[in-house]
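One structure below.
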Amino acid sequence: MVQKPSLPKGTRDFGPEAVAKRNFIFDKIKACFQYHGYLPIETPVMESLSTLTGKYGEEGDRLLFKVLNNGDYLADVNQEDLSQKNSNKVISQISKRGLRYDLTVPFARFVAMNRNEINFPFKRFQIQQVWRADRPQKGRYQEFYQCDADIVGSDSLMYEAELIEIYNTVFTALNLPVEILVNNRKVLEGIAETIGAQNLFIEMTVAIDKLDKIGWQGVGAELLTKGFNHDQIEKLTKILDITKLADLEPWLVESEIGLLGIEELKTLHLYLDKISLDQDVKLDLKLARGLNYYTGCILEVKAKTAAMGSLGGGGRYANLTEVFGLSDVSGVGISFGAERIYDVMEELNLFPPNVLAQPQLLIITDDDCVLDGFETAYKLRKAGIAVDLYPSPAKFKKQMKYADDRKFAFVLIIGIQEKEQQKYALKNMVTGEQIAISWDELIVKFSK
RNA sequence: GUGAUUGUAGCUCAGCUGGUUAGAGCGUCGGUUUGUGGUUCCGAAGGUCGGGGGUUCGAAACCCCUCAUUCACCCCA
């Protein structure tokens, strides 16, 4: 029986053009990373589940893809857990591996394991897929590429500035106008302290992150259900509307950690003042970011001219390697969401017309000249000219149509007439013009 | 995990309140006097109407279940 082919939820195929376009994005990002001294690494698709769980918050754990153990995986499962259908307990017994959820945590694991071989500060980049068991929707897939650059082993805020500069450079190179939003988790903690809600810090960040979407009314309502009172919410409203660092400082004088955050932002700006950027960089106190491992500056990139979630994000994580037994190694990094950048660039028509690098020239032949065609193709390629060849002496109509469909700019016709005249017929597929051309002329025309 | 939405040819979609052999455009393939595409004209192939069950004399259409899609929420790139 024939089965109807289909793709798993949230995944897609990439045809030749899509791959070319994606590589166009990768190439820009990669070039920029390398230009700044980042070195490439790759890590396995699968990690031990224990490496992944507990790093992304409760929600993140739910979105982890688990890999079923091999063999008789039910053999050793606790019968009680099984009969009670306790999925949480059973899963840990039947699955010891999971698909990576991002590239940052595997990197932290990599650093902890290779600490003796690594020279700190260690700058690495990594372009690989990640998987999230999320319901797919616009700009959201279950399988997608992240392009990460991270530095571990230095707490210098110079790196925050460098990463912002990288965002700036890449999006400028892609001709995609964006807004780079900056905030600091310490400042947010300070704000929580100031309004007397330090124990509700996570709830606060999750709520205010939605301000853009549901406004103060919605956020206020959510905060109330989380245990905030009207007084606190009102205070929070006032603080978060602040757009200048100087205006914020008076609010946080009582908070040691808040002042530390402000100090960090000030230092960051000292660096940024030394360079000029094409994209907008803004302080945004409403930026929170859900990943709980961030401890200092946080960054997020949004498209200015398209409705799409963030195109990238990142931040400082002071302790991520600690759970893997390596303390006092601070890290900071950013991630580009290649799929979303792709979607936005497609929407805005930003890809160059000829991303699909293919030969300009197609050779077609008749019955008597197939071998001559093959030989000519070989000689042209040897002369450094990219060329393709139709494989059989089909009707010229068919061969021409093929050339047209594949958008070759020129067709080189080798038939019995050409062979007798010791010339080729070269047809320009755009103008329709056809000329007789010698080998030497051909080489000159197509050599660069 | 929650709430909606859609599922008919390779693609985009028609198919009225259930009624004979399910249609169109595009695409594909073949031909249009045997050496020429993108622009003629003619023709052909291609569908278990997502799957299963039910109601009915009769279901693509109505009901139930299931699978899948898209979108929103949660969360995030």
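Every value quoted in this text rests on a predicted model; they were computed, and no experiment measured them. The basis for the numbers below is simple: all heavy atoms, side chains too, and nothing from hydrogens, waters or symmetry mates.
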Separation between the [atom1] atoms of [N] and [M], rounded to whole Å:
| N | M | atom1 | result |
| --- | --- | --- | --- |
| B:G50 | B:A9 | P | 8 Å |
| B:C42 | B:U33 | P | 15 Å |
| B:U8 | B:U69 | P | 14 Å |
| B:G25 | B:U21 | C1' | 23 Å |
| B:G15 | B:G31 | P | 37 Å |
| B:C13 | B:G7 | P | 10 Å |
| B:G23 | B:A60 | C1' | 12 Å |
| B:G1 | B:C62 | P | 28 Å |

| Partner of A:Y141 under side chain to side chain donor-acceptor pair (under 3.5 Å), chosen from A:D343, A:T11, A:D134 |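 It is A:D343; the other options fail the test.
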
| query | Of the options A:Q360, A:Q358, A:R406, which is the one that meets A:D388 in a side chain to side chain donor-acceptor pair (under 3.5 Å)? | reply |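 Single side chain to side chain donor-acceptor pair (under 3.5 Å) partner of A:D388 among A:Q360, A:Q358, A:R406: A:R406.
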
| query | Mind checking whether A:F410 and A:F446 have ring centres under 6.0 Å apart? | reply |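 Ring-ring flag for A:F410/A:F446: true, centres closer than 6.0 Å.
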
Atom pair distance, as rounded to whole Å: [atom1] in [X] and [atom2] in [N]:
| X | N | atom1 | atom2 | answer |
| --- | --- | --- | --- | --- |
| A:E420 | B:G35 | CD | P | 14 Å |
| A:D150 | B:A77 | CG | C1' | 14 Å |
| A:L63 | B:C73 | CG | C1' | 13 Å |
| A:I414 | B:G35 | CD1 | C1' | 14 Å |
| A:D61 | B:G1 | CG | C1' | 14 Å |
| A:I364 | B:G35 | CD1 | P | 12 Å |
| A:F65 | B:G1 | CZ | C1' | 14 Å |
| A:E59 | B:G1 | CD | P | 12 Å |

| task | If a protein heavy atom is under 4.0 Å from the base, mark B; if only from the sugar-phosphate, S; if neither, -; do that for nucleotides 36-43 of chain B going 5' to 3'. | result | BBB-----

| Ignoring hydrogens and angles, are the base of B:C73 and the side chain of A:R135 linked by a donor-acceptor pair under 3.5 Å? |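 No, no donor-acceptor pair under 3.5 Å.
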
Over all strands shown, is [X] touching base, sugar-phosphate only, or nothing at heavy-atom distances under 4.0 angstrom?
| X | value |
| --- | --- |
| A:S310 | sugar-phosphate |
| A:G312 | sugar-phosphate |
| A:D366 | nothing |
| A:G60 | nothing |

| Out of B:A77, B:C71, B:G31, which has the shortest distance to the side chain of A:K138? |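 So the nucleotide nearest the side chain must be B:C71.
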
| query | What pair of heavy atoms forms the shortest contact from A:T51 to A:E47, and how long is it? | reply |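 A:T51 and A:E47 have their closest heavy atoms at CG2-OE1, 3.9 Å.
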
| field | Considering all heavy atoms, the nearest A:D61-A:G54 contact | value |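 For A:D61 and A:G54, the tightest heavy-atom pair comes out as OD1-N, 3.0 Å.
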
Parallel, tilted or perpendicular, as decided by the 30° and 60° cut-offs, for the rings of [Y] and [X]:
| X | Y | value |
| --- | --- | --- |
| A:F336 | A:Y167 | perpendicular |
| A:Y38 | A:F33 | tilted |
| A:Y390 | A:Y402 | perpendicular |

| said: Using heavy-atom distances to pick each residue's nearest nucleotide on RNA chain B, tell me which of A:R62 and A:R140 is more 5'. | reply: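 Looking at RNA chain B, the more 5' nearest nucleotide goes with A:R62.
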
| task | Compare side-chain N and O positions of A:Q137 against OP1 and OP2 of B:A72 and report whether any pair is under 4.0 Å apart. | result |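 Result: yes.
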
| So does A:K210 get a side-chain nitrogen or oxygen closer than 4.0 Å to the phosphate oxygens (OP1/OP2) of B:C74? |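 For B:C74, OP1 or OP2 has a side-chain N or O of A:K210 closer than 4.0 Å.
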
| said: Could you write out RNA chain B as dot-bracket? Rules: Watson-Crick or G-U wobble, both distances under 3.5 Å, brackets [ ] for crossings, | for pairs with another strand, dot for unpaired. | reply: ((((.((..((((.....[...)))).((((.........)))).....(((((..]....))))))).))))....

| Is it true that atom CD of A:E441 has more than 12 heavy atoms of other residues, nucleotides or ligands lying nearer than 6.0 Å? |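 Count over threshold, so yes.
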
| field | Salt-bridge present (A:E346, A:K21; N to O < 4.0 Å) | value |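 The answer is yes: the pair qualifies as a salt bridge.
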
List the atom pairs, donor and acceptor, that lie under 3.5 Å between side-chain atoms in residues 97-106 of chain A and the rest of the protein, sequence neighbours left out.
{"unit_1": "A:R97", "atom_1": "NH2", "unit_2": "A:N70", "atom_2": "OD1", "d": "2.8"}
{"unit_1": "A:R100", "atom_1": "NE", "unit_2": "A:Q129", "atom_2": "O", "d": "2.6"}
{"unit_1": "A:R100", "atom_1": "NH1", "unit_2": "A:T43", "atom_2": "O", "d": "2.8"}
{"unit_1": "A:R100", "atom_1": "NH1", "unit_2": "A:P44", "atom_2": "O", "d": "2.8"}
{"unit_1": "A:R100", "atom_1": "NH2", "unit_2": "A:Q129", "atom_2": "O", "d": "2.9"}
{"unit_1": "A:D102", "atom_1": "OD1", "unit_2": "A:Y56", "atom_2": "OH", "d": "2.7"}
{"unit_1": "A:D102", "atom_1": "OD1", "unit_2": "A:T104", "atom_2": "N", "d": "3.3"}
{"unit_1": "A:D102", "atom_1": "OD1", "unit_2": "A:V105", "atom_2": "N", "d": "3.2"}
{"unit_1": "A:D102", "atom_1": "OD2", "unit_2": "A:Y293", "atom_2": "OH", "d": "2.9"}
{"unit_1": "A:T104", "atom_1": "OG1", "unit_2": "A:D148", "atom_2": "OD2", "d": "3.4"}

